[in-house]
Protein chains: 2
Amino acid sequence: MSENANDPRIVRTMHMLREALLELMEEHGFERITVKDITSKAGLNRGTFYLHYADKYDLLEKTTEDMMQGLRKIAQTFDPLDLVMHEFPDTPFPFTVRLFEYFGKHARFFSVMLGPKGDPSFSVKFKEFMQVHLMDKFNEFHHSEDRVPVPWDYLMAYLISAHLGIVQYWLEQGRDHTPWDIALMFTRMTQLSPIQSAGLKK
Amino acid sequence: MSENANDPRIVRTMHMLREALLELMEEHGFERITVKDITSKAGLNRGTFYLHYADKYDLLEKTTEDMMQGLRKIAQTFDPLDLVMHEFPDTPFPFTVRLFEYFGKHARFFSVMLGPKGDPSFSVKFKEFMQVHLMDKFNEFHHSEDRVPVPWDYLMAYLISAHLGIVQYWLEQGRDHTPWDIALMFTRMTQLSPIQSAGLKK
DNA sequence: TCATTAATCAACATGAAGTTTATTTTAGGA
DNA sequence: TCCTAAAATAAACTTCATGTTGATTAATGA
């Protein structure tokens, strides 16, 4: 394992390994891949892999951590007040647009990881991210412990999973809408009931 | 591979292999398991495994198919009219109760498969099931191609994923509510907007 | 130019996969 | 109860990926 210097050879090698991982995951899914597959695709010696990563799980983990880091950085720009103030149904929350731009930029990674050949523990990680950085900001609104239609934690599970589903579907469809359009759908579905969203009642 | 007779030895062996698979998946997740692990846990010879299944993927697939078969059987009892007629906010759709009873009965399987150590392609299969057996029954309601708040397919993706999220969360929490209670939450969240569900607006 | 270190290459031990053959055990009908 | 067919066991074997090691070659940057 190398002391991650800024030696251009190391940077280049690690980048090639991560690219190869993504390409192979798109084809076969993570578990069907071998270290040999990865290094072959990257055009590197198998031994070189072990100079940088303990095994393929380590490689995936490091790659994932990079992506989560990017998400956390965007999450810092989120102010729940924006959302509370937001009353205009024809414009999305700006923060949501930024998120989708990031998903689009790293579409291959998110598409694979959140797809049928991906890693279910990544979906959990992603949900935790939404819980901590988005949902928990609204905890102050539910001091009403008494008779609510649905328990708070189940409502959170519902919303988080619903939002994840939109991200997955968007990526699956090859990003047939702009980040702005998808963000607008988010905004609307959160404000309306499913029946209203379908346009069945006003 | 055996012609699946009704030889009690075969039935017993296959049952033990499936039980062992589930127990090991709970501990380590599917991919970390070896055929040797499975047969050891089941107290069987490794060679015996290959008399019935091609590999561990085959075993998982057959087990999964059994579960989906059970779901399809329940889905046959679903009548969309029940749902349209249903106006009482304090009772769940009976069909939904039956579904959750089934999840509860096979909690170990669904809990593992839909959890962080599970198989993401099973979640996809499960979503397809909901799409075909539940959502598609309502296609007749969206002839309005024009200006709707959210495209129909994205609304479906949102709802299906949201419902999956509830199932996952319920199993994750160790089934802290009865099937009846969960089914009622379903009913309410479908009828109300997220904000109403939280009890913030009426 | 030269010392450092990354990358390559070849070899090795380990362990799981999947197959095969022979042997033992079990089920169920005559 | 006995007998036959088939299931389960046991042991051996090939193949392949893993992770490691030591020697060699190539690239970096001072």
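Below, chains carry the letters A, B, ... as their sequence lines are ordered, and counting in each starts from 1.
Ring pair F122(B)/F109(B): centre-to-centre distance below 6.0 Å. Within the 6.0 Å centre-distance limit, the rings of F30(B) and Y57(B) are counted as a close aromatic pair. The ring of W170(A) has its center no closer than 6.0 angstrom to the ring center of F103(A).
When all heavy atoms of L17(B) and L59(B) are compared, the pair lying nearest together is O-CD2, 4.0 Å. Summarising the geometry of E26(A) relative to V112(A), their closest heavy-atom pair is CG-CG2, 3.2 Å, with the distance given to 0.1 Å.
The side chain of L51(A) has dT8(C) as its nearest neighbour among dG18(C), dG19(D), dT8(C). Here the nucleotide nearest the side chain of I10(A), chosen from dG18(C), dG19(D), dA6(C), is dA6(C). Of the candidates dG18(C), dA8(D), dT18(D), dT18(D) carries the atom nearest the Y50(A) side chain, counting heavy atoms from C-beta on.
Phosphate contact (OP1/OP2 of dA7(D), side-chain N/O of H52(B), threshold under 4.0 Å): absent.
Comment: K62(B) engages D58(B) in a salt bridge, judged by a side-chain N to carboxylate O separation of less than 4.0 angstrom. A salt bridge links E19(A) to R108(A): one of the charged nitrogens lies within less than 4.0 Å of a carboxylate oxygen.
Atom pair F49(A):CZ and dA7(C):P shows a separation of 13 Å (rounding to whole Å applied). What separates CG of L59(A) from P of dT18(D) is a distance of 12 Å, to the nearest Å. When the P atom of dG28(C) is taken as reference, atom CZ of R12(B) falls 13 Å away, rounded to whole Å.
Side-chain atoms of D66(A) and T63(A) form no donor-acceptor pair, as typed in the model, at a separation below 3.5 Å.
As judged by a 4.0 angstrom heavy-atom cut-off over every strand, T48(B) is placed among the base-contacting residues.
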So which protein N/O to nucleotides 23-30 of chain D N/O distances come out below 3.5 Å?
{"from": "dA27(D)", "atom 1": "N3", "to": "R9(A)", "atom 2": "NH1", "distance (Å)": "3.2"}

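Listed in residue order, the members of residues 35-46 of chain B having a heavy atom less than 4.0 Å from DNA chain C are V35(B), K36(B), R46(B).
In this pair, F110(A) and Y102(A) present their aromatic rings perpendicular. The plane angle is above 60°, beyond the 30 to 60° band.
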